[in-house]
Structure formats: structure tokens, C-alpha cells
Amino acid sequence: MILSRRSLIGTGGLALLAGCDRIAATPAGRTILFSGEKMNQGLQRALTNRAALALEFRADQMSPVFRTNGTRDPGTPAYQALAANRFADWRLAVNGLVARPLTLSMDDLRAFPQRAQITRHDCVEGWSAIGKWQGPTLGSVLKAAGVRTDARFIVFTCADLYRGEPYYESIDMVDAFHPQTILAYALNDRWLDVGHGAPLRLRVERQLGYKHAKYLMRIDAVASLAGIGRGKGGYWEDNVDYDWYAGI
Ligand SMILES: Nc1nc2c(c(=O)[nH]1)N[C@H]1C(S)=C(S)[C@@H](COP(=O)(O)O)O[C@H]1N2
Ligand SMILES: [Mo]
């Protein structure tokens with residue numbers, strides 16, 4: 001691939017500009033949009049589109065109630081013990097194809113570059129809700145871990161079983177380093193409650209709700225999804241044949 005993730009994401013704010021006209025207004029954007037002889041046009045279009053931001057909303061547009069879905073309480077003894085202690089003993093493990101495996105407490109996570117965003121959550125079952133999410137960017141955590149160039153996916157392992165099967169999800173490196181992809185510990189200016197995925201859940205704003213893994217316990221950088229779960233990259237992908245890429 002001629003256009004590397006770094007050249008796409010690391011171009012100083014390019015990803016903050018949504019429209020192609022505005023991307024073309026920056027030198028880096030012109031390089032990306034008009035180097036067509038070097039690049040397959042479909043790939044170019046797809047990558048440009050993938051870097052765009054999801055729509056953000058005003059505070060007065062937030063839903064009065066943000067419903068819950070899927071697991072509403074993992075309910076396992078291990079999770080109950082963590083919750084009883086207000087997650088003081090919870091740690092996020094960052095492993096796999098990284099130079100420096102990390103074990104992060106909530107205080108550690110709060111020391112990374114943060115982002116707050118008011119976005120619309122779209123569930124495949126046909127409901128939406130607008131809420132404010134806050135937490136460190138996933139990209140900054142992966143950078144701290146020294147994610148290797150042979151990593152192609154980030155896999156999220158959750159604390160819950162849903163209908164008896166472990167819930168997990170995965171995204172590619174374009175979404176992992178998207179500026180709105182965060183590890184959220186707060187919803188609507190409060191700590192995440194158990195229903196919404198306490199103490200930490202993924203927000204990957206350009207994809208449908210089932211990709212937003214709640215109850216995060218570990219993150220792994222991997223080269224392939226084979227051998228993880230049943231190999232299709234997520235709970236719903238393995239069990240119900242939902243698409244692995246659920247872009248919106
Ligand atoms: N660990 C885990 N994450 C999950 C689910 C789940 O059952 N378990 N459900 C998914 C689905 S289908 C949706 S729509 C959202 C719901 O998030 P909410 O409960 O905060 O509304 O979480 C997603 N992440
Ligand atoms: Mo969903």
C-alpha cells in the first residue's frame with residue numbers, strides 16, 4: 001500500500017476536515033487526493049472516506065435517556081468483585097504485537113491525551129441515542145505500547161459472556177488510529193455505569209453499535225483474526241453473521 005497509515009493519519013489535522021474540498025485545501029490533502037497515478041482510485045476514495053470524522057452534536061441535542069443493550073451486567077464473580085471495589089483493582093492489559101506490553105489502571109488511562117465527543121450511537125436493531133463520551137484516544141495508548149508495523153487488527157476482550165459466549169470485537173488500524181476512536185470511561189459527564197460498560201468501553205464512532213465493546217479487559221494487537229473466537233473478528237460476526245466492517 002503506497003499510502004501508509006502514518007501518512008494518512010499523521011498529517012496534522014487532515015482527519016479533522018470532513019469534506020474533500022477542505023482536504024484539498026491542505027498541502028497534505030492535495031498529495032493524498034491528487035497522487036492518482038500512484039494509487040488505485042478506489043483505495044484512495046475509501047481511505048479518504050475512512051479518515052473523515054463522525055458527526056458531532058451540541059449538548060442540547062443529547063438524548064434525555066441513553067438506553068442500554070446487549071449485556072447490562074456481566075454478573076460474573078470476577079466482575080462483581082471488581083465492581084464492589086469501584087473498579088480500583090481493574091486493569092486494562094495491552095498485549096500482542098507491541099514493543100511494550102502495558103497494564104493500565106484508570107489513573108494511567110486518564111493521563112493519556114483525552115477526547116470528549118457528543119456523537120450518535122446507531123444500533124443495528126434500529127435505535128439511536130446521542131451521548132457525550134470521554135476517554136483517552138486508542139491511538140495514544142497504542143503508541144505508548146509501541147504497536148508494531150505487522151499489527152493489522154486490534155482485538156478487544158470483554159468481561160461478559162452474552163448468551164453464554166464471550167463478547168469480543170476487533171477493528172483495523174485505520175479505525176484504531178482514527179481521532180474519534182476512544183476508550184471511554186465517562187458517559188454524559190459521569191463515570192460509566194455498569195449498564196453502559198463500566199469501567200471502560202470502546203467508542204469507534206464510524207461503525208455500528210455492536211462494534212463498541214463494553215467491559216474492556218484486554219486489548220491485543222494481532223496480525224490475523226484466525227484462531228480468535230471462531231475467526232470472524234467478533235461476537236456477532238461469529239454467531240449471527242453480522243458484517244465485520246459495520247461502517248456508517
Ligand atoms: N461487552 C459487550 N459489549 C457490547 C455489547 C454486549 O452485549 N457486550 N452489546 C453491543 C451492542 S449490540 C450495542 S448496541 C452497544 C450498546 O451499548 P449501550 O448498552 O451502552 O447502549 O454495546 C455493544 N457492546
Ligand atoms: Mo446493537
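Order of appearance sets the numbers: ligands from 1, and atoms from 1 within every ligand. Keep in mind that what you see is a predicted model, and the values were worked out from it rather than measured. Heads up: numbering here begins at 1 and tracks the sequence.
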*Anything under 30° is parallel, anything over 60° is perpendicular, the rest tilted; go ahead and classify Trp191 against Tyr185.*
tilted
*Quick one: are Pro199 and Leu192 in side-chain contact, heavy atoms under 4.5 Å?*
no
*asked:* Closer than 4.0 Å to some heavy atom of Cys158 - which atoms of ligand 1 meet that?
replied: 1 (N)
_So is Arg201 touching ligand 1 or not, going by heavy atoms under 4.0 Å?_
yes
*Could you tell me whether Trp127 and ligand 1 have an N or O pair separated by under 3.5 Å?*
no
*Which residue holds the protein heavy atom closest to atom 14 (S) of ligand 1, what is that atom called, and what is the gap in Å?*
His121 NE2, 3.2 Å
_Show the atoms of ligand 1 that are less than 4.0 angstrom away from any heavy atom in Gly70._
7 (O)
*Report the relative orientation of the aromatic rings in Tyr162 and Tyr235; use parallel for angles under 30°, tilted for 30 to 60°, perpendicular for over 60°.*
perpendicular
*Which of the numbered atoms in ligand 1 are below 4.0 angstrom from a heavy atom of Tyr215?*
1 (N)
*Around atom CZ of Arg72, are there more than 12 heavy atoms of other residues, nucleotides or ligands at under 6.0 Å?*
yes
*Is there any N or O on Trp133 that sits under 3.5 Å from an N or O of ligand 1?*
no
_To check your reading of the model: name the closest protein heavy atom to atom 7 (O) of ligand 1, its residue, and the distance in Å._
Thr71 N, 2.8 Å
*Look at the aromatic rings of His121 and Trp127 and report parallel, tilted or perpendicular, splitting at 30° and 60°.*
parallel
*If hydrogens are left out, which of Tyr210, Tyr242, Tyr168, Tyr167 has an atom nearest to atom 9 (N) of ligand 1, that is, the closest non-hydrogen atom?*
Tyr167
_Other residues, nucleotides and ligands only: do more than 12 of their heavy atoms fall within 6.0 Å of CZ on Arg230?_
yes
*Closest non-hydrogen atom pair between Thr71 and Leu161, with its separation*: OG1-O, 3.8 Å
